[in-house]
Q: 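Submitted below is the structure of interest, expressed as structure tokens.
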Amino acid sequence: MPDEIVDDAAEAGAPLPAPPEPTLEILRHSAAHLMAAAVVDLFPGAQYDVGPAIEDGFFYNFRLPEGRHFVDDDLPRIETRMGELAARKIPFVQEEVPRQQAIDLFTAMHQDFKVDIIGRLPDDVATVSIYRTGDFVDLCRGPHVPDTGWLKAIRVLRVAGVYWRGDARNEQLQRVYGTAWFNKEELDAYMHRLEEARKRDHRRLGAELDLFSFPDEIGSGLPVFHPNGGLVRKLMEDYSRQRHEEAGYSFVNTPHITKEDLFKVSGHLEWFAEGMFPPMELDEGTKYYLKPMNCPMHILIYRSRTRSYRELPLRLFEFGSVYRYEKSGVVHGLTRVRGLTMDDAHIFCAREQMMGELISLLDFTLGLLRDFGLTDFYLELSTRPEHKAVGAIEEWEVATNALRQAAEGRNLELVLDEGGGAFYGPKISVQARDAIGRTWQMSTIQVDFQFPQRFDLHFIDDTGAEEQPIMIHRALFGSIERFFGILLEHYAGHFPLWLAPVQCAIVPVQDDSEEVMASIGSLAADMRTRGLRASVDERHGERMQARVRDAELKRIPYVVVIGKRDVERGDGVVRVRDVRRNLQEDISAGALIDRLVAEVSERRPE
């Protein structure tokens, strides 16, 4: 899990109002306080930094005395101590105290992090809120549950190293993660989901199925795809290309680096520099950057000649490699990388075409995701970021309303994400739930009035006058790497037949029989002639059961077993095992091939 970056100064200030009934977020925030109290009890002299509620749980950052580190045996001790404190039903008591009094209090307690947080508050903050839970005192705005007796369904999960305030130049603290729920049933269900997620972890599956790796020699967040993974990726890309071609997109290609002036004009160096790799100085001092986005280069393709209204909407598409400098604590398998391939499309259209394009884009996006087996969606509308946006507010309102109108017609839940848009425009993101109920952000669609102005884009309208186009940004997979990782976990490694690297393994009962091996070779050839990917296990002397088990571990969807008796019968019937459904049947070879070909052509998800 990537490290969460916390605005620790937001922990201090005036108390927040409490709702009539505690929410799950409040329960987890209270559990974080309880965990900090337990750690201070067990490790006298421990200093505590921040401890917010997060999705599915909470954490707290600690500095232990004498440079000590938590070990695995410490986690159950902490959890046991939390249970003891919870049983005492200790009240959460809020106080509002003068700022200097709070500084003196935490200074006397040797809680340096709390003193630092108070010191970074604006000068006009005169009082701060603290909470007492027995002997434990924390700087906190609340609210909290009434007492620790509410915290009966808790679990301490793991410990990780994080940099103080998320800055690699600072010291490393120890972050302890936990989860809290209203009752044991909810906790047990969550722990089951967590175990299922562990089994589906794409990093583990990627190694087991020989799909991809992250060589240290190349660097963090830079994956290489092995033949099996490369084949799955090719199948994904080929189908996407087919669908884009059918939808009227034009394919383009752009370089990986560019002079810095391009990103000055686009605004990326002003608003996105922290996410870019450092520049390279070439050609007597000219600075070049690895591109973090494809859009400025697609703009230059549009601007390469005069455009007529008859060409619009112009839909440009590229599988473009981009590079983003992610902090080491944020890099996570394929789902957060530094080198990624975006299925990037940019649509240039007249204003009156904008709504039709947005509706068409959403339908196209949802349809393609469904083809890959994701069917449970909701939409999220991200609006203008308050202090990180360019352009007139009126333009943002027009763009936001257009996205809202397009989304509301899709019969899906629409959630508002205030201030979550890009610096140049609002966006709709498709949020998909996977097989075990986790939510992933998938496709994004952004309406952009700003880049056409910054790059002085125009087209000639039907009166001969110049008009500025609207630009729509769209990434359907997000990135190939991330989508690959999500699909791998969604299917737990059991790709649907059309995406499986090997679709059918053919196993001999007796590999010393020329007749058996000839029959297997003939079946494999027939399958390959029909476009199926079949493999023959030719390891001499290996037991049949071991071969079948090996194919199952490789998540090969179908396994056919052929022995002497099958050959001697002469009826062409073979025994086939459906690994995903754990079914077995006897079927003629011809009927089996027809069935597999139909399953592939229909792109059935299972």
Side-chain angles (χ1 to χ4, degrees), residues 1-2 54-56 189-190 193-194 196-203 205-206 211 232-233 235-237 239-240 243-244 247 319 332-337 340-345 358-382 403-404 406-417 420-422 426-446 472-496 498-500 580 602-606:
M1 177 188 297
I54 58 174
E55 184 180 4
D56 293 333
Y190 173 71
R193 292 197 301 272
L194 209 60
E196 188 62 30
R198 186 194 66 79
K199 294 176 183 176
R200 293 168 178 259
D201 189 322
H202 72 276
R203 295 167 299 177
L205 291 172
L211 298 171
V232 176
R233 179 170 171 154
L235 294 166
M236 292 165 55
E237 293 179 0
Y239 182 58
S240 176
R243 291 292 306 276
H244 280 84
F319 280 113
H332 182 76
L334 291 179
T335 58
R336 200 73 179 264
V337 294
L340 54 147
T341 304
M342 297 185 68
D343 59 329
D344 235 351
L358 290 176
I359 292 171
S360 173
L361 273 172
L362 269 174
D363 289 342
F364 178 80
T365 296
L366 293 170
L368 193 54
L369 291 176
R370 289 187 179 105
D371 288 343
F372 282 93
L374 297 169
T375 58
D376 187 2
F377 307 113
Y378 69 91
L379 303 177
E380 187 173 82
L381 175 59
S382 301
L403 286 170
R404 180 183 287 109
E408 288 174 344
R410 307 280 67 75
N411 296 318
L412 294 172
E413 179 187 5
L414 180 62
V415 175
L416 189 63
D417 172 28
K427 68 179 180 181
I428 284 282
S429 60
V430 177
Q431 308 284 336
R433 297 180 183 91
D434 68 10
I436 59 173
R438 297 171 300 180
T439 298
W440 301 89
Q441 178 178 302
M442 304 302 299
S443 316
T444 57
I445 299 173
Q446 297 167 294
I472 302 173
H473 306 244
R474 191 235 63 197
L476 198 154
F477 293 150
S479 78
I480 293 294
E481 293 78 8
R482 186 169 183 274
F483 192 67
F484 189 112
I486 291 170
L487 281 186
L488 186 56
E489 295 198 6
H490 176 63
Y491 288 114
H494 292 280
F495 283 115
W498 71 281
L499 285 176
R580 294 165 297 173
E602 295 169 12
R603 292 187 176 83
R604 299 176 197 165
E606 295 181 356

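The first residue of the sequence shown is numbered 1, and numbering continues consecutively from there.
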Q: If you compare all heavy atoms of L366 against all heavy atoms of L412, which two are closest, and at what distance to 0.1 Å?
A: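 Closest pair (atom of L366, atom of L412, distance): CD1-CD1, 3.8 Å.
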Q: Of the non-hydrogen atoms in L403 and I445, which two are nearest, and what is the gap between them?
A: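 The answer is CD2-O, 4.0 Å.
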Q: Quick check: do V430 and L374 have side-chain heavy atoms less than 4.5 Å from each other?
A: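 Not touching, per the 4.5 Å side-chain cut-off.
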Q: R474 versus D343: any side-chain heavy-atom pair under 4.5 Å?
A: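 Yes - at least one pair of side-chain heavy atoms lies under 4.5 Å apart.
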Q: Determine the minimum heavy-atom distance between A406 and L358, stating which atoms define it.
A: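 Nearest heavy atoms, A406 then L358: CB-CB, 3.8 Å.
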Q: Taking the side chain as every heavy atom from C-beta outward, state whether E408 and L414 have any pair of such atoms under 4.5 Å apart.
A: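 Counting from C-beta outward, E408 and L414 do come under 4.5 Å.
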Q: Hey, what do you get for CD (E380) to NZ (K427), rounding to the nearest 0.5 Å?
A: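 The CD atom of E380 sits 7.5 Å away from the NZ atom of K427.
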Q: How close do W440 and T335 get, heavy atom to heavy atom, and via which atoms?
A: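 Answer, listing the atom of W440 first, then T335: CZ3-CG2, 4.0 Å.
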Q: State, yes or no, whether a side-chain contact exists between Q431 and V415 at a heavy-atom distance under 4.5 Å.
A: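 Counting from C-beta outward, Q431 and V415 never come under 4.5 Å.
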Q: Would you give the length of the straight line joining atom CG of D376 to atom CZ of R370, rounded to the nearest 0.5 angstrom?
A: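 Between atom CG of D376 and atom CZ of R370 there are 10.0 Å.
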Q: From L379 CG over to D417 CG, what is the distance, rounded to the nearest 0.5 angstrom?
A: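 Reported value, rounded in 0.5 Å steps: 13.0 Å.
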Q: Hey, what do you get for CD1 (I428) to CD1 (I472), rounding to the nearest 0.5 Å?
A: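 Nearest 0.5 Å value for the CD1-CD1 distance: 12.0 Å.
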Q: Distance-only criterion, 3.5 Å: show the donor-acceptor pairs between side-chain atoms of residues 484-495 and protein atoms not counting sequence neighbours.
A:
from, atom 1, to, atom 2, distance (Å)
E489, OE1, R438, NH1, 2.8
E489, OE1, R438, NH2, 3.0
E489, OE2, H202, N, 2.9
E489, OE2, H202, ND1, 2.8
H490, ND1, A435, N, 2.9
H490, NE2, G373, O, 3.2
Y491, OH, F372, O, 2.7

Q: Rounded at 0.5 Å granularity, tell me how far CG in L369 sits from CG in D371.
A: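 Result: 9.0 Å between the selected atoms.
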Q: So, using ring pair (Phe, Tyr, Trp, His ring centres under 6.0 Å) as the criterion, who are the partners of F377 when residues are at least two apart?
A: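 F377 satisfies ring pair (Phe, Tyr, Trp, His ring centres under 6.0 Å) with no other residue.
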Q: Is any side-chain N of the basic residue among R200 and D434 closer than 4.0 Å to the acidic one's carboxylate O?
A: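 The answer is no: the pair does not qualify as a salt bridge.
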Q: Got M236 and L499 here, is their nearest side-chain heavy-atom distance under 4.5 Å?
A: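 Side chain of M236 against side chain of L499, heavy atoms only: contact under 4.5 Å found.
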Q: Do the side chains of T439 and Y378 get nearer than 4.5 Å, heavy atoms only?
A: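 They are in contact (side-chain heavy atoms under 4.5 Å apart), so the answer is yes.
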Q: Test T341 against F483 for side chain to side chain contact (heavy atoms under 4.5 Å, CB included), laying out the working first.
A: CA-CA 10 Å; T341 304; F483 192 67; over 6 Å; no
Q: Would you indicate whether the side-chain heavy atoms of L476 and F364 approach each other to under 4.5 Å?
A: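 Heavy-atom side-chain distance check passes, below 4.5 Å.
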Q: Looking at P605 and P496, what are the two nearest heavy atoms and their distance?
A: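 P605 and P496 have their closest heavy atoms at O-CB, 3.4 Å.
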Q: Given side chains that start at C-beta, do those of R410 and I359 come closer than 4.5 Å, heavy atoms only?
A: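 Yes, at least one pair of side-chain atoms sits under 4.5 Å.
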Q: In Å and rounded to the nearest 0.5 Å, what is the CZ to OG1 distance from R243 to T365?
A: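 If we round to the nearest 0.5 Å, R243:CZ and T365:OG1 are 9.5 Å apart.
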Q: Please name the pair of heavy atoms, one in A432 and one in M442, separated by the smallest distance, quoted to 0.1 Å.
A: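 Taking every non-hydrogen atom into account, CB-CG, 3.6 Å.
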Q: Could you give me the CA-CA distance, side-chain angles and deciding distance for R233 and I480, then say whether side chain to side chain contact (heavy atoms under 4.5 Å, CB included) is met?
A: CA-CA 7 Å; R233 179 170 171 154; I480 293 294; 3.6 Å; yes
